[in-house]
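Because only heavy atoms are used, hydrogens play no part in the values below, and waters and symmetry mates are left out as well, while side chains stay in.
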Amino acid sequence: MKRNLFIILCCTVSTMLSAQHQDCRLWYDKPAKDWNEALPVGNGRLGAMVYGDYRRETIQLNEESLWAGAKSDANAESAAKLPEIQQLLLNGEIGKAVELSEKYMKSDPLRIRSYQSFGNIYIDLLTGSVNPAVSGYKRELDLETGITSVSYALSQVTYKREVFVSAENDVVVIRLSADRPGALTFRLHYDREQDATAYPVSANELEIKGQIVDLPEAETGAIGPHMRFAGRIAGFHKGGQLMTLNNGFYVEKADEVVFFLTAATDYNLSQLDVDREINPSETCQRILARLGKDSYEKIKQTHITEHSSLFNRVTFNMGESSVLPTDRRLERVKNGETDLSLITLYFQYGRYLLMNSSRTPGVLPANLQGLWNEDMYAAWSSDFHTNINIQMNYWPAEVCNLSETVEPFSNFINALRVPGRVTARKTYNAKGWTMNHLTDPFGRTAIADGVGWGTFPIAGAWLVLHQWEHFLFSNDKEYLKNEAYPAMMEAAEFIMDYLVEDKNGYLVTAPSNSPENRYKLPNGEHYMLTYGATMDIEIIYELFNACLKAGKVIGSDPKTDKQLSATLRKLPPIRVSKRYQTIQEWIEDYEEVEPGHRHISHLFGLYPGTSINSNKKELYEAARKTIERRRFYNENESNRQGSYTGWSRAWMINFYARLQDGEEAGNNVQMLLSKTTQNNLFNIHPPFQIDGNFGGTAGIAEMLLQSHNGEIHLLPALPACWKTGEIRGLRARGGYTVDMQWKEGKLVSARIYSDKPQKVSVRYGDKVKKLQVADGTNVIMN
């Protein structure tokens, strides 16, 4: 039955479900037993993980720029050898090409060092007995306010703690209170595993000073004293007494105590390096001095106002919240139950994590763990992985109405262009700028970790597509002209210089790889290095078309446009495997070493790209079969080659959303929760990687709204079990904001707002209509 679409002149807002019912609290009836159960707060620069124990509170701290390592030019000067390597690849002499690449393209140092924890705050609380009788315990994180709290009763006294990180004041705020005067006696102290000391500087202030000392470690570069860092904690009390002592505070018989903590390093983004002109201790003093005599309540209310102004742009409800603690709800999902309100909570949690790991006052983008990392030697160094992970971090940014979170990412991309030009010239004998599969705050753009893994010179082209997306959602022409377009064109310049012609007359990348996957030659040899990997071609197609479109907006050089168009015509087509009817991952129809590999790079064109879409039936169906083949090797218990991880499951949600398959998209949401989500709703690779959270949130949004094909598509992939719901505030390309309500699986009402009066095509089901949209055009599709 065809659905009809028509406009009504007015729409009663009361027909929408009330936004107050949305589930926005994580809560638990026991303390966190480890870091993976603690609750995160942050402001884009400072982060904290709060455990909530009533005997010893632990608050683990992060400052976004606290990294081991040092800036270096790690580039291999392989430009002179590149033509020979390229020719060997084109001739099919892969072994010789790999041998030559390992000899001449390997960077030095080969690896980077890690993002580090700032340390821990411990609060040892007087309980009166070894096993105190605690009642009414509750630990929660309120996503709308950005405050985590703990409350419990002990010996007829009710205790409460609140922790939040203020973006306005740039401090971590810790408040302890009790409902009986003089009930607070405790010790608070700071500790870090290495390289830091804390000491009193006044009766109520503690200073932390440190400097990372890098010891010898294989292939990680310079040793010695590197980044300097500092912190400062000020304590204020009502009743009783407070004093600084050794590395902490001692509080006795107080009614209420508030601590303000801040931290800083001598990192300078503009230099992608430490800057000895920056004194992190003085930075901390200035931040605390700005607090003046503001009360806790005023600082708290300022924080709530600022935080909620971002968070509450989107509301989402699919039913009443459960009365159970979050961990028990998750356990039920793991046992096969469906909890629609937990899905909306997970969606909003992703938005919460993004806005608190990537925004002012922070200057760096979200890393592999966003902002939150307890280790000195983190998994994968908690780096900025550019072969999908940092990109996935920002998939929800625009559609989920958090455009500001892209600013640190965009600024970082533009900063990377400087070292990226060196890599383009020295390693690849090309103009423009490029980088490879990972980076760090010191601007690493050279090949890292190994030639097979690390050769990914198309990474820069993928990164700048996020700048193009930022323009598509915002319509900010000044941003396009001054920031996005120059970075896009310089990335395109590199590609045009880097491409070589193959035996069939196509322009291809060489060397190349399909991130982290391997192929098998007929003789049984396994390789990663290749030429013309499908993902490369799809990214180039996306970038060059974006450059041409951007040029029309701001005015471009006709000669450059002609070169872009000519290059596009000579790119190889996306191929379908004759053996499996799937999208070929490589330019040759190689066998995969791991048919269930976590990276599904050759479907970039389906998501986040646009070259595989419903208008290209053969590719569209081949993409579906590609996923089915991956799933077989991941879900067939008799085959152990499958390797689903949190972030790859999240990617699956987005794939199925683009295939308009709501049932499979919904199934993958369920599996994301049941198989790779921890009690604090952090997603795991394993271990914890935040891209699974961000990719999951993006996927849920993509199920409800799409706008990549030049139209606003309402509810393109709604699962049958998501029967009734409402979402407000999603963004669509072109500068639109969309509110929707559905009941029994059918759209009941929709309202579309535009940043400016303009025409737009709106799709629901198989019906499309063009509308003139202004400030709140109401639409109903039946």
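- Within the structure, the side-chain hydrogen bond (donor to acceptor under 3.5 Å, both in side chains) test picks out the following pairs touching residues 208-225 (sequence neighbours left out): Arg111-Glu219, Arg113-Glu217, Arg113-Thr220, Asp214-His226.
- Looking at Tyr115, Phe442, Tyr377 one by one, the single match for ring pair (Phe, Tyr, Trp, His ring centres under 6.0 Å) with Trp67 turns out to be Tyr115.
- Checked against ring-ring contact (aromatic ring centres under 6.0 Å, His included), His385 has the following partners two or more places apart in sequence or in another chain: His437.
- Looking only at distances, a side-chain donor or acceptor of Ser357 sits under 3.5 Å from a matching main-chain atom of Leu353.
- A donor-acceptor pair under 3.5 Å is formed between the side chain of Asn680 and the backbone N or O of Asn36.
- A side chain to side chain donor-acceptor pair (under 3.5 Å) with Asn43 is found for exactly one of Asn169, Asn356, Asp170, namely Asp170.
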Query raised in the report: Do Asp73 and Lys426 pass the salt bridge (Lys or Arg N to Asp or Glu O under 4.0 Å) test, and can you show the C-alpha distance, the side-chain angles, and the key distance before you say yes or no?
Result: CA-CA 10 Å; Asp73 181 358; Lys426 283 189 174 183; 2.5 Å; yes

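- Taking the six-membered ring wherever Trp is involved, the centroid distance between the rings of Phe688 and Trp372 does not fall below 6.0 Å.
- Between Phe494 and Tyr428, the ring planes are perpendicular. Angles over 60° get that label, and only those under 30° would be called parallel.
- Classified by interplanar angle (parallel below 30°, tilted 30° to 60°, perpendicular above 60°), the ring pair His307/His303 is tilted.
- Between Phe682 and Trp35, the angle of the ring planes lies from 30° to 60°, which puts this pair in the tilted group.
- The one candidate from Glu193, Glu63, Arg192, Gln60 that meets the side chain to side chain donor-acceptor pair (under 3.5 Å) condition with Ser117 is Gln60.
- Side chain of Ser281 to backbone of Ala230: no donor-acceptor contact under 3.5 angstrom is found.
- When Phe249, Tyr296, Phe236 are each tested for a ring pair (Phe, Tyr, Trp, His ring centres under 6.0 Å) with Phe259, only one passes: Phe249.
- Side chain of Ser410 to backbone of Gln467: no donor-acceptor contact under 3.5 angstrom is found.
- When atom types are taken as modelled, the side chain of Thr265 and the backbone of Arg228 share no donor-acceptor pair closer than 3.5 angstrom.
- Within the 3.5 Å criterion, the main-chain N or O of Thr445 finds a donor-acceptor partner in the side chain of Asn436.
- Between the Asn247 side chain and the Tyr190 main chain, a donor and an acceptor come within less than 3.5 Å of each other.
- Under the 3.5 Å distance criterion, the side-chain polar atoms of Tyr352 are matched with a main-chain donor or acceptor of Pro40.
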